[in-house]
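A note on names: the letters A, B, ... follow the listed sequences, proteins ahead of strands, and every chain is numbered from 1. The structure displayed is predicted, hence computed values, not measured ones.
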Protein chains: 2
Amino acid sequence: MPEDNKLIYYLNKWSDISKDNEATITSAFELISIKKKKDLLVSGEVCNYLYFITQGCLRSFYIDSKGVEHIYQIRMDNSWISDLESFFSQVPSEYNIEALEDSHLLRISNERMEQLLAEIPQLERYFRILFQKAYVNALTRLNATMWKTAMDRYNDMLKEHPEIFQRVPLIYIASYLGITPESLSRIRKQK
Amino acid sequence: MPEDNKLIYYLNKWSDISKDNEATITSAFELISIKKKKDLLVSGEVCNYLYFITQGCLRSFYIDSKGVEHIYQIRMDNSWISDLESFFSQVPSEYNIEALEDSHLLRISNERMEQLLAEIPQLERYFRILFQKAYVNALTRLNATMWKTAMDRYNDMLKEHPEIFQRVPLIYIASYLGITPESLSRIRKQK
DNA sequence: TTAAACACTTGACCTATGGTAAGAAATAAA
DNA sequence: TTTATTTCTTACCATAGGTCAAGTGTTTAA
């Protein structure tokens, strides 16, 4: 399936895009490639694009005052990545986004995105549902972080996202789970 | 300001509701009152309504297998409360929502909500932005829970939401912060 | 093909926070 | 006003997970 079609396929899962609008949407996105370890976004810059990953794997993280990286997201094929705050408000980002594999992305600029959302209510609907689900997921993850043990979170992740363990180094998974690599190593040993 | 107008005022902050649509929206919501300590939602039920708090204070929480309550949200005047997953998917909720003060709410049913969203793209836009911001906030809160100390989180909350400390018992604030009431008490003593 | 960088593990020790229990203070109910 | 309930504090001990340091594999790049 060509990259554009994957995007349209996913939009249609939650919304209902007409053929005319499919063409408009498709032409608003630009296909780009990024090599492993290269940055899509660097802290301090405005995040000018919203990205749909057609193939690959990326992480978003921020660097604290001690220079330690903390990972917010690990995203793979057929999902979105950006700094939403920076993208929609056009303010400098505090995050970095980096490719963990050679990746193919479809990107749309803030300006074009705002036009499309105003023009195509069905797209607005898609993103309303997307963010609604993302919010519910974030609250679930928050709760797990607050009240479950690191081992439970590790096991949940292993069950729910086994593919991540095939493609992403454990040091990144540890950070995503909110623990140190040393702790993750001990947890894995215990099993 | 009457309750309906407060709702419209907030919708117009992020979207642009026409006079005709204002009337349609207003008539879709029903004004209800709830007494302190009464439940708006009980775990196991489907969350049939989305609520806009015009006045008052509520909490949403879930009860774990040991019978301990964990608070997700504390919400006051001019904000929304619901279990979004249950409300939009019409599946039984795992949460409870309880009034911490006598409160006034505007509520809308799932059925009416879906109609309105389909009918009024500007409303869809409002909720797209609402959920987008809620998602960004949830990620920020997640990160703080993972990587900041409980004392830092307490101080941040004191600075950002001082009104909550005037209106909500510390035991609930502790749970919201992801710590026990005992820990919160120690933190407050140290200052 | 060798060196450098990265990924992962292990051990010893430390600290923030949890668990339990009990009492004081404040608030609500009778 | 008295009693009951809820909220908050304190003390003591337990523990999950962090920190630091060192060592072993395993990629990556020169």
Side-chain angles (χ1 to χ4, degrees), chain A residues 34-39 57 59 61 63-71 74 96 98-102 142-158 164-191, chain B residues 34-39 57 59 61 63-71 74 96 98-102 142-158 164-191:
Chain A
I34 181 169
K35 285 282 175 194
K36 183 172 178 172
K37 298 215 173 167
K38 294 293 177 192
D39 293 318
C57 183
R59 67 182 178 125
F61 59 99
I63 300 172
D64 72 18
S65 54
K66 291 175 188 157
V68 181
E69 295 177 356
H70 302 289
I71 298 183
I74 297 171
N96 294 58
E98 186 198 278
L100 296 178
E101 298 174 356
D102 293 357
L142 176 67
N143 187 69
T145 302
M146 283 179 168
W147 304 113
K148 290 184 156 186
T149 63
M151 183 179 262
D152 283 349
R153 275 177 279 143
Y154 169 76
N155 286 329
D156 289 352
M157 188 167 172
L158 204 53
I164 293 185
F165 291 81
Q166 309 306 313
R167 294 168 66 176
V168 178
L170 292 172
I171 43 166
Y172 298 138
I173 292 175
S175 179
Y176 180 85
L177 287 172
I179 57 178
T180 58
E182 293 92 331
S183 289
L184 181 56
S185 189
R186 282 175 206 120
I187 286 168
R188 286 160 55 83
K189 193 182 174 189
Q190 276 182 55
K191 295 202 54 171
Chain B
I34 182 169
K35 286 282 174 192
K36 183 171 177 172
K37 299 214 173 169
K38 294 292 177 193
D39 292 317
C57 182
R59 67 183 178 122
F61 60 99
I63 300 173
D64 72 18
S65 54
K66 292 176 187 157
V68 181
E69 295 177 354
H70 301 289
I71 298 183
I74 297 173
N96 294 58
E98 186 198 278
L100 296 177
E101 300 174 356
D102 294 356
L142 175 69
N143 187 67
T145 301
M146 284 179 167
W147 304 112
K148 290 185 156 187
T149 64
M151 181 178 263
D152 284 347
R153 275 177 278 144
Y154 169 77
N155 286 330
D156 289 351
M157 187 167 173
L158 204 53
I164 294 185
F165 290 82
Q166 309 306 313
R167 292 168 67 175
V168 178
L170 294 171
I171 43 167
Y172 298 137
I173 293 176
S175 179
Y176 179 84
L177 287 171
I179 56 177
T180 57
E182 294 90 336
S183 289
L184 181 54
S185 189
R186 280 175 216 122
I187 287 168
R188 286 161 54 83
K189 194 184 173 186
Q190 275 181 56
K191 295 202 56 173

Subject >> B:Met146 CE to D:dG17 C1', straight-line distance once rounded to whole Å >> reply: 14 Å
Subject >> Donor-acceptor contact present, side-chain B:Ser175 to main-chain B:Ile71, <3.5 Å >> reply: yes
Subject >> Proximal nucleotide (of C:dT17, C:dG11, C:dT9) relative to the A:Leu170 side chain >> reply: C:dT9
**OP:** Could you please name the option among D:dG17, C:dA7, C:dT17 that lies closest to any side-chain atom of A:Pro169?
**Re:** C:dA7
Original post:
Have B:Arg188 and B:Tyr154 got a donor and an acceptor in their side chains that come within less than 3.5 Å?
Top reply: yes
Original post:
Is there a donor N/O on one and an acceptor N/O on the other, under 3.5 Å, for the side chain of B:Arg186 and the base of C:dT15?
Top reply: no
Subject >> Sole residue of A:Lys36, A:Arg167, A:Lys37 in side chain to side chain donor-acceptor pair (under 3.5 Å) with A:Glu101 >> reply: A:Arg167
Original post:
Within this structure, what is the CZ-to-C1' distance between A:Arg188 and C:dA7, rounded to whole angstrom?
Top reply: 11 Å
Original post:
Which sits closer to the 5' end of DNA chain C, A:Glu182 or B:Glu182, going by the nucleotide each is nearest to?
Top reply: A:Glu182
**OP:** Grab the CD1-P distance between B:Ile171 and D:dC8 for me, whole Å please.
**Re:** 6 Å
Original post:
OP1 or OP2 of D:dA16 sitting under 4.0 Å from any side-chain N/O of A:Lys148?
Top reply: no
Original post:
Do any pairs count as a salt bridge (Lys or Arg N to Asp or Glu O under 4.0 Å) and have a residue in residues 171-185 of chain B, sequence neighbours left out, and if so which ones?
Top reply: none
**OP:** Give one of base, sugar-phosphate or nothing for A:Lys36, where a contact means two heavy atoms less than 4.0 Å apart.
**Re:** sugar-phosphate
**OP:** Between B:Lys37 and B:Trp147, just flag the one whose closest nucleotide in DNA chain D comes earlier from the 5' side.
**Re:** B:Lys37
**OP:** Mind checking B:Ser185 for me? I need base, sugar-phosphate or nothing, with any heavy atom below 4.0 Å counting as a touch.
**Re:** base
Original post:
Quick one: is B:Thr180 getting a side-chain N or O under 4.0 Å of the C:dG18 phosphate, OP1 or OP2?
Top reply: yes
